[in-house]
Amino acid sequence: MEDSFHFKLRGAIYEVIAEEDNTFTIFKMAEEYLLITKLKGKKWVRIDYKTDEPVIEDNDEVEDIGSIIDRYFLK
């Protein structure tokens, strides 16, 4: 499992923690905020905490966070 990393987006500080199965827990301003994953190598989506199912929706913040994760792991 990778170490966590921090980044700044839209004035907020985020932390990304890699979990199992290409899933990532996202903290925003030191509070647990989102659980996200990448569907079929293309679209980043959040995972609903109650159902553990991906939520298919247009979410620019999730896409931006996912792009940062992609760049981080390409290093």
Side-chain angles (χ1 to χ4, degrees):
M1 186 138 352
E2 298 285 329
D3 291 331
S4 67
F5 69 95
H6 294 81
F7 65 93
K8 187 174 184 178
L9 177 67
R10 299 182 185 127
I13 304 296
Y14 293 82
E15 179 181 9
V16 175
I17 300 173
E19 306 290 349
E20 296 177 3
D21 300 325
N22 201 33
T23 301
F24 300 86
T25 300
I26 311 301
F27 288 80
K28 183 177 182 179
M29 305 301 279
E31 298 286 330
E32 189 168 345
Y33 182 59
L34 290 171
L35 190 60
I36 68 173
T37 192
K38 194 172 192 179
L39 294 180
K40 298 186 183 190
K42 295 185 180 188
K43 182 171 179 60
W44 284 94
V45 296
R46 70 181 178 87
I47 296 174
D48 185 281
Y49 279 107
K50 292 179 184 174
T51 64
D52 283 336
E53 296 293 323
V55 177
I56 309 300
E57 63 186 0
D58 287 330
N59 187 323
D60 291 336
E61 183 181 28
V62 169
E63 287 289 337
D64 291 345
I65 293 168
S67 293
I68 291 168
I69 292 169
D70 283 339
R71 286 194 305 265
Y72 180 82
F73 287 110
L74 286 176
K75 289 196 252 179

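Just the heavy atoms: all of them, side chains too, but no hydrogens, waters or symmetry mates, feed the values below.
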Holding to side-chain hydrogen bond (donor to acceptor under 3.5 Å, both in side chains), I want the full list of residues that pass it with N22, two or more places apart in sequence or in another chain.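 Once residues adjacent in sequence are excluded, N22 has no partner under the side-chain hydrogen bond (donor to acceptor under 3.5 Å, both in side chains) criterion.
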
Once side-chain hydrogen bond (donor to acceptor under 3.5 Å, both in side chains) is applied, do any residues pair with T25, and if so which ones, sequence neighbours excluded?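 Partners of T25 by the side-chain hydrogen bond (donor to acceptor under 3.5 Å, both in side chains) criterion, ordered by chain and then number, come out as E19.
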
Measuring only between side-chain heavy atoms, which start at C-beta, is [X] closer than 4.5 Å to [Y]?
X: I56; Y: V45; value: yes
X: D64; Y: R10; value: yes
X: I17; Y: E15; value: yes

Within 6.0 angstrom of E57 CD, more than 12 heavy atoms from elsewhere: yes

Roughly how far, to the nearest 0.5 Å, is the [atom2] atom of [Y] from the [atom1] atom of [X]?
X: I68; Y: I26; atom1: CD1; atom2: CD1; value: 9.5 Å
X: K43; Y: D58; atom1: NZ; atom2: CG; value: 5.0 Å
X: I47; Y: L35; atom1: CD1; atom2: CG; value: 4.0 Å
X: E63; Y: R46; atom1: CD; atom2: CZ; value: 13.0 Å
X: E61; Y: L9; atom1: CD; atom2: CG; value: 6.5 Å

Determine, using the 4.5 Å side-chain heavy-atom cutoff (strictly less than), whether L39 and L34 are members of one ILVMFWY cluster. no

For residues 24-54, pull every pair meeting ring pair (Phe, Tyr, Trp, His ring centres under 6.0 Å), keeping only residues two or more places apart or in separate chains. F24-W44, F24-F73

Walk me through it: do K28 and I65 pass the test side chain to side chain contact (heavy atoms under 4.5 Å, CB included)? CA-CA 11 Å; K28 183 177 182 179; I65 293 168; over 6 Å; no

Show the nearest heavy-atom pair for residues A12 and M29, with the distance to one decimal.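 Result for this residue pair: CA-SD, 3.7 Å.
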
Do you know the tightest heavy-atom contact between T37 and D21? OG1-O, 4.1 Å

